[in-house]
Novice: 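Before anything else, here's the structure in question.
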Amino acid sequence: MSKNKSFYITTTLPYVNAEPHIGHTYEFLAADVIARSKADREVFFNTGTDEHGQKIFNAAEKAGEKVEKYVERYREEFKKLKDLLNLSENLRFISTHSKEHIRAAQELWKRCENDIYQKEFEGLYCVGCERFLSKRDIVLGKCSIHETEPQLLKEKNWFFKFSKYEKDLLKYLANPEAIIPDWRRLEAIDFVNEGLEDFSISREKSRLSWGVPVPGDDTQVMYVWFDALTSYISTLGWPEDKNGDFKKFWEEGETLQLAGKDQIRFQSLMWQAMLMSAGIKNTDQIFYHGFINSGGQKMSKSLGNVISPQDMVNKYGVDSTRYLLLRHVNPFEDTDVTWERLDEWYEAGLANGLGNLTARIMKMAGDYLNSSVSVNNKGTKAITKKIDEFNFQEALGLVFSAIGLLDGEIQNKKPWETKDTKVITKLVIELAQIASDLAQFLPETSEKILKAIKENKKPENLFPRLS
């Protein structure tokens, strides 16, 4: 794609039936790094909250709250992540319960009407998945994802002709850039080759009232995924497009979606088929990341192993939280994270690594250089390339390899003894390069180091040791 094109990036919209956790945090941070790396382009960075469906209705009832108040409370918790994690200023936030989004979801339904039909259906339904399960979704009588027994339901619903788009989807998936990493693309192709079944896109209102009303049928509400996926274009002002954002960023720009590895069926198949049906351009690229587990198990409140972004920021600080997740979470596979490991990573990489290196170099610069060193604040192309490949872990690995090499150079040359200003000047220039390369990952830390270099003095302790 041309680098002059406008750039659209969106996370998935977290479901507001629980508080934010570090799985959400990682996806937001990965998207933020990508958005910041496109500084030479006009960027639309989207996130928001998915607010309809059975799970949310049930969770509100369990909490003893009206569903509107329940949704509003959790929506605000996710909105706080922008400031908590120092996400880009151009971040937009969409609620699927907003009037604008509801109108857009109903319009998309109308544009897909040639592929929508009604029939009575009996099948096994998983509340966790918010959908009827096929045979391949059931293992030993339970949902393969949630490991719960599905309910047998009989309903008259509206269905989408998913099976009609097998060939079109295979053509879309033939593009090696459509899905990253490539083995997720092959999973999507295998799924299509096994045969697609038309899927229900509505629920009886008598059973579930919390949803977007189906146009022309007041007995049904939309299947939550049909509703939620529309958010990727409703956030751009579609269908009216009064500000021209849909045309600029979706139709004429480069589009990128981020999602967890369990989202392939929804993001790369269902959503793309819906776009095809409505005559709208498909997503250019979707990046699927792995899961974050803790102590070898999925995070859950019952196990007490959930790690919240607020707790991480309280303990380590904003940039340290960004570092810990972006440097130590594998972008493509599952990663196990515990508080003990987080402590080790913080001390080794930040307190003993970057923080100590900055303090040593700038102490010598302040003591032995008569003026500040003139530096070039351009990032290294190899770092940008790694970001473009979605390998944030390796990108930061390159930066911290440079930190290790610079630390070794100080030990070998001992400039605090020789007071060699040429060596110290070179160290400052190399430190500035490290700071520039960290700008997308640790923006506040990058600014602090570059400010210290400009003022030619040692900064305050960047990463205090854990007490």
Side-chain angles (χ1 to χ4, degrees), residues 29-30 32-34 36-37 39 86 316-329 331 345-369 371-389 391-416 420-465:
L29 291 178
D32 186 61
V33 170
I34 295 167
R36 289 175 183 272
S37 74
N86 189 20
Y316 304 112
V318 177
D319 268 14
S320 301
T321 296
R322 292 174 65 101
Y323 162 81
L324 291 167
L325 295 178
L326 291 165
R327 171 85 197 278
H328 292 286
V329 170
W345 295 336
Y346 174 88
E347 292 286 2
L350 298 177
N352 296 334
L354 178 59
N356 184 51
L357 178 75
T358 301
R360 294 177 75 188
I361 292 175
M362 293 317 301
K363 174 70 168 63
M364 289 186 288
D367 288 345
Y368 305 122
L369 300 182
S371 61
S372 61
V373 177
S374 178
V375 295
N376 184 353
N377 298 342
K378 285 187 178 180
T380 304
K381 287 182 179 178
I383 306 295
T384 303
K385 185 173 183 292
K386 289 295 181 185
I387 294 173
D388 289 343
E389 294 169 351
N391 205 329
F392 319 104
Q393 189 176 37
E394 285 192 5
L396 276 170
L398 291 175
V399 179
F400 277 78
S401 291
I403 289 170
L405 290 171
L406 200 52
D407 206 33
E409 189 174 347
I410 293 171
Q411 291 301 108
N412 289 334
K413 296 184 177 177
K414 296 181 172 51
W416 67 90
D420 188 328
T421 57
K422 286 186 178 180
V423 170
I424 296 170
T425 298
K426 181 174 178 291
L427 293 173
V428 172
I429 291 171
E430 291 180 15
L431 178 64
Q433 185 61 63
I434 287 168
S436 297
D437 288 334
L438 286 172
Q440 292 97 339
F441 302 95
L442 315 183
E444 288 184 355
T445 300
S446 174
E447 287 180 11
K448 286 177 182 177
I449 295 173
L450 292 172
K451 183 173 183 285
I453 291 171
K454 187 176 181 180
E455 296 174 352
N456 198 41
K457 67 178 185 181
K458 177 186 170 185
E460 292 185 16
N461 193 358
L462 295 176
F463 304 105
R465 297 192 181 280

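Computed from a predicted model, the values in this text were never measured in an experiment.
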Novice: What residues form a side-chain hydrogen bond (donor to acceptor under 3.5 Å, both in side chains) with T445, not counting sequence neighbours?
Specialist: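 T445: side-chain hydrogen bond (donor to acceptor under 3.5 Å, both in side chains) contacts with D319.
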
Novice: Apply salt bridge (Lys or Arg N to Asp or Glu O under 4.0 Å) to D420 and list each qualifying residue two or more places apart in sequence or on a separate chain.
Specialist: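 Here no residue qualifies.
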
Novice: With E444, which residues qualify under salt bridge (Lys or Arg N to Asp or Glu O under 4.0 Å), at least two apart?
Specialist: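 For E444, no residue satisfies salt bridge (Lys or Arg N to Asp or Glu O under 4.0 Å) once neighbours in sequence are set aside.
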
Novice: Give a yes or no on this: more than 12 heavy atoms of other residues, nucleotides or ligands lie within 6.0 Å of atom CD of E460.
Specialist: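 12 or below, so no.
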
Novice: Of all the heavy-atom pairs spanning A432 and L450, show the shortest one and how long it is.
Specialist: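 For A432 and L450, the tightest heavy-atom pair comes out as O-CD2, 4.0 Å.
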
Novice: Taking R322 for the side chain and N86 for the main chain, is one N or O donor matched with an acceptor at less than 3.5 Å?
Specialist: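 Side chain of R322 to backbone of N86: a pair is present.
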
Novice: Report yes if the side chains of I449 and I434 come closer than 4.5 Å at any heavy-atom pair, otherwise no.
Specialist: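 A side-chain contact under 4.5 Å is absent here.
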
Novice: Does the plane of the ring in Y346 sit parallel, tilted or perpendicular to the ring in F463? Use 30° and 60° as the thresholds.
Specialist: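 Geometry flag for F463 against Y346: perpendicular rings.
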
Novice: Sequence neighbours excluded, which residues qualify as salt bridge (Lys or Arg N to Asp or Glu O under 4.0 Å) partners of K414?
Specialist: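 With neighbours one apart ignored, the set is empty.
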
Novice: Would you call E447-K451 a salt bridge at under 4.0 Å N-O?
Specialist: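 No.
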
Novice: What residues form a side-chain hydrogen bond (donor to acceptor under 3.5 Å, both in side chains) with E389, not counting sequence neighbours?
Specialist: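 E389: side-chain hydrogen bond (donor to acceptor under 3.5 Å, both in side chains) contacts with K385.
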
Novice: Who pairs with K454 by salt bridge (Lys or Arg N to Asp or Glu O under 4.0 Å), at least two apart in sequence or on another chain?
Specialist: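 Partners of K454 by the salt bridge (Lys or Arg N to Asp or Glu O under 4.0 Å) criterion come out as none, since no residue qualifies.
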
Novice: Which label fits Y323 and H328: parallel for a plane angle under 30°, tilted from 30 to 60°, or perpendicular past 60°?
Specialist: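 Correct class here is perpendicular.
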
